[in-house]
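Working notes for the structure below.
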Amino acid sequence: MGACNSKKTTVVDTQTKPGASPVKAAKPATSKPTKEDALKRIEEIKLSHPNNLAVKNFDSKYYDSLNEADQTALLQCMASGIMNEDSGMGCYAMQPADYDRFKPFFSKVLADYHKVSADAKHENNWSLEGVEGLPEGGKLDLAELGLPALSMRVRVGRNLQEFPLPGAMTKEDRINMEAKMCAAFDVLKEMPEYGGGYNSLTPGHPSFIDEAEYNKLVAEHIMFKDMAADSYLESAGIASDWPFGRGCYVSEDRKFVIWVGEEDHLRIMCMFKGTVLNDVFDRLQKALDVVNGIEGLEFAKSPDYGFVTSCPTNLGTGMRASVHIPLPNLTKDGTDTQAKAIAKPLGLSVRGTGGEHTPIGADGTCDISPSARFCITEAQIITALYNGLKLLKAEEEKAGAAPETTETTTEVPTAPAEATTEETATNDTPAAEPATTEATPATEPTEETPATEECAAPTEAAPEEAAPAEEPAAPEPTAEEVAPAPATEEPAPATEEAAPVDATPAAEEATPATEGEAAPAEETPAPTDAAAE
């Protein structure tokens, strides 16, 4: 990994220096429709695609009440849904203040997707004290449920207050934001509990990596893939200026990863293999405190909606907590269909081992995570994962005991209301399309591929949350874990967790994710790459 420093970086424009970049530069953005054309399209889409949540909740009277600048800004937030009529969510925030600035619009979208009231307010809380369903002593030990060590990963999406969100950033903004984060990474590298290094895709950056290094990191699910191929991200402006301002930091032990410049400014994730969920949860909380405490850095936060993310599906906590667990009995037909049917009323989402839209493991291993993101606390999410796994394990055992020739119907216990929202396709995954089976290496827990986790609209059977770039999976224990080797060129997330090749995080989603996460099922409360892959 190259040396990262916070000094001003001289970048090379790949348009004038062919071959300088490890990835192809983004194709020119599709021309945006005029204001008149956009308004006409909105009315047409209201009729043709009623599950496009942005268009569905567009109020012409409210729009007419705005000044010209705000009208333009609101339409920019809706660009993805206007240009992709099959979008589920159909909108992205462009500025940290947009959720509050355009509250009459976003409050309805959030209520529709997360199944909360339009005046709902989010509260963040990492303290497990007093959380309903917490085991005595507060230790979330999967061994107490009779489960072996599993790959675990927890990630959050974060944005810096001083910059526009990715959809509205200029190339200069992206380069400056990356430089700002390099100052933070310099601090982390000096701390023995982190160390590691940074890998930049920006041509001319001191930590620039070549194409071979980049492809290796993508194959290991440590780096996210080129977002320019995603039509939803492209039309929202999030994939613009690729690959400038993109990269990832990886700790020395390859179990702490920060993506820079994906769907959100930062995707911060911790992962490892074990049985105690508190371990990965607590490490992420401490790491977030360290990063947010670095001078000059401030995470964007809304007084009513919690931590700000580009996609409304991730708003609030921006968190996705997951494990990889074998479910051979619930997947004996080779698919995750039965597992999803069992998991849904438990407030859990099921994915393939390589992230959203990927197959389950050959041994029936699935990626399991709580669906909720908004109007639920961080502590409730990790507790919901523990209790959900307890119930899912019981259903797996029932499926194993039932005669194969007899069809049985089991009544599945439901999870607490705050954790029952179904996490479905990312931001703009076509609203009622079933997840595809794009194969990616089966690794440990993965996340959002660039989504990007996210946002399909709620339907009778909403698709799973499409993962933004696959986030690294939790690493398998290796000799290196006993005696960690010095950091090499390779960093070690997710989409969705850096780790050794066979255990690296599979990036909310790192295949290009569709715009955000699909809306939760009607009957479920607030969610869930949610995700953001």
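The residues of the chain are indexed from 1 along the displayed sequence.
- When the side chain to side chain donor-acceptor pair (under 3.5 Å) test is applied to Ser65, no partner is found at least two apart in sequence or on another chain.
- For the pair Met177 and Met181, the minimum side-chain heavy-atom distance is below 4.5 Å.
- Pro96 is linked by a side chain to side chain contact (heavy atoms under 4.5 Å, CB included) to Gln161, Leu165, Ala300, counting only residues two or more places apart in sequence or in another chain.
- Annotation: side chain of Arg320 is in contact with side chain of Asp367 (closest heavy-atom distance under 4.5 Å).
- Looking only at atom types and distance, the side chain of Asn84 has no donor-acceptor partner in the side chain of Ser87 under 3.5 Å away.
- Side chain of His114 to main chain of Pro312: a donor-acceptor pair is present (N/O by atom type, distance under 3.5 Å, no hydrogens or angles).
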**Request:** Mind running side chain to side chain contact (heavy atoms under 4.5 Å, CB included) on Val260 and Leu266 for me, showing each step along the way?
**Result:** CA-CA 5 Å; Val260 176; Leu266 309 172; 4.1 Å; yes
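- Residues passing the ring-ring contact (aromatic ring centres under 6.0 Å, His included) test with Tyr63, sequence neighbours excluded: Phe58.
- Nearest heavy atoms, Ala54 versus Cys91: CB-CB, 3.8 Å.
- For Glu298, there are no salt bridge (Lys or Arg N to Asp or Glu O under 4.0 Å) partners two or more places apart in sequence or in a different chain.
- Using a 4.0 Å cut-off between charged side-chain N and carboxylate O, Asp186 and Lys189 make a salt bridge.
- For Asp264 (side chain) and Thr309 (main-chain N/O), no donor-acceptor pair under 3.5 Å exists by modelled atom type.
- Atom NZ of Lys121 has 12 or fewer neighbouring heavy atoms from other residues, nucleotides or ligands inside a 6.0 Å radius.
- In this structure a side-chain-to-backbone donor-acceptor pair under 3.5 Å is missing from His122 to Gly306.
- When atom types are taken as modelled, the side chain of Arg41 and the backbone of Ile82 share a donor-acceptor pair closer than 3.5 angstrom.
- In this view, Lys301 satisfies the salt bridge (Lys or Arg N to Asp or Glu O under 4.0 Å) rule with no residue, not counting sequence neighbours.
- Taking the side chain to side chain donor-acceptor pair (under 3.5 Å) definition, one finds that Arg174 meets it with Asp241, sequence neighbours left out.
- Atom CD1 of residue Ile381 and atom CH2 of residue Trp126 lie 8.5 Å apart, to the nearest 0.5 angstrom.
- Under a 3.5 Å cut-off, the side chain of Asp112 and the backbone N or O of Val109 do not form any donor-acceptor pair.
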**Request:** Please assess Ile258 against Val291 for the test side chain to side chain contact (heavy atoms under 4.5 Å, CB included), listing each intermediate value before the final yes or no.
**Result:** CA-CA 10 Å; Ile258 300 178; Val291 175; 4.3 Å; yes
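- Here Asp59 pairs with nothing under the side chain to side chain donor-acceptor pair (under 3.5 Å) rule; sequence neighbours left out.
- Ile368 is listed as a side-chain neighbour of Val350, based on a closest heavy-atom distance under 4.5 Å.
- Counting non-hydrogen atoms of other residues, nucleotides and ligands closer than 6.0 Å to CD of Glu172 gives a total of 12 or fewer.
- Inter-residue side-chain proximity for Pro164 and Thr170 is flagged as unmet; no heavy-atom pair is nearer than 4.5 Å.
- Taking the six-membered ring for Trp and thresholds of 30 and 60 degrees, Phe106 and Tyr99 have ring planes inclined between 30 and 60 degrees apart.
- Here the closest heavy-atom approach between residue Asp173 and residue Ala168 is recorded as OD2-O, 4.3 Å.
- A search for ring-ring contact (aromatic ring centres under 6.0 Å, His included) contacts involving Phe307 returns nothing, not counting sequence neighbours.
- Take Lys108 and apply the side chain to side chain donor-acceptor pair (under 3.5 Å) test, not counting sequence neighbours, and it matches no residue.
- Between the side chain of Asn199 and the backbone N or O of Gly247, no donor-acceptor pair lies under 3.5 Å.
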Under 3.5 Å, sequence neighbours excluded: what are the donor-acceptor pairs made by side chains of residues 281-288?
{"from": "Arg283", "atom 1": "NH1", "to": "Asp253", "atom 2": "OD2", "distance (Å)": "3.2"}
{"from": "Arg283", "atom 1": "NH2", "to": "Glu193", "atom 2": "O", "distance (Å)": "3.1"}
{"from": "Arg283", "atom 1": "NH2", "to": "Asp253", "atom 2": "OD2", "distance (Å)": "3.4"}

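- How far NE2 of His265 is from CG of Leu297: 12.0 Å, rounded to the nearest 0.5 Å.
- In this structure, Leu346 and Gly388 approach most closely via the heavy-atom pair CD1-O, 4.1 Å.
- Contacts of Asp100 classified as salt bridge (Lys or Arg N to Asp or Glu O under 4.0 Å), with partners at least two apart in sequence or in another chain: none.
- Environment of CD in Glu123: sparse, with no more than 12 heavy atoms of neighbouring residues, nucleotides or ligands closer than 6.0 Å.
- Closest non-hydrogen pair, Ile45 versus Gly81, comes out as CD1-O, 3.7 Å.
- When atom types are taken as modelled, the side chain of Ser310 and the backbone of Glu263 share a donor-acceptor pair closer than 3.5 angstrom.
- No side-chain heavy atom of Tyr249 sits less than 4.5 Å from a side-chain heavy atom of Ile268.
- Distance CG/Leu66 to CG/Leu74: 6.5 Å, rounded to 0.5 Å.
- The shortest side-chain heavy-atom distance between Cys182 and His205 falls under the 4.5 Å cut-off.
- Nearest approach of Tyr214 to Asp226, heavy atoms of both residues: OH-N, 3.3 Å.
- Note that CZ of Arg246 is 9.5 Å distant from CD of Glu178, once rounded to the nearest 0.5 Å.
- The closest side-chain heavy-atom distance from Asp70 to Arg101 is below 4.5 Å.
- The main-chain N or O of Thr377 is never found under 3.5 Å from a side-chain atom of Asn125 such that the two would form a donor-acceptor pair.
- A donor atom on one side chain and an acceptor atom on the other are found under 3.5 Å apart for Asn124 and Glu378.
- Between Ala120 and Cys375, the shortest heavy-atom distance links the atoms CB-SG, 3.8 Å.
- Ring-plane geometry between Tyr305 and Phe374 is classed as tilted, the angle between the planes lying from 30 to 60 degrees on a 0 to 90 degree scale.
- A distance-only check finds no donor-acceptor pair linking the side chain of Ser80 to the backbone of Ala236 [under 3.5 Å].
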**Worked check of side chain to side chain contact (heavy atoms under 4.5 Å, CB included) between Leu128 and Ile382** = CA-CA 9 Å; Leu128 290 170; Ile382 199 70; 3.8 Å; yes
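- Val187 has its side chain out of reach of Tyr194: every pair of non-hydrogen atoms, C-beta onward, lies at least 4.5 Å apart.
- A donor-acceptor contact shorter than 3.5 Å links the side chain of Asn292 to the backbone of Phe299.
- Here CD of Gln380 is found 11.5 Å from CE of Met319. Values are rounded to the nearest 0.5 Å.
- With values rounded to the nearest 0.5 angstrom, Thr202 atom OG1 is found 8.5 Å from Phe208 atom CZ.
- Taking Phe163 as the reference, nothing meets the ring-ring contact (aromatic ring centres under 6.0 Å, His included) condition, with sequence neighbours excluded.
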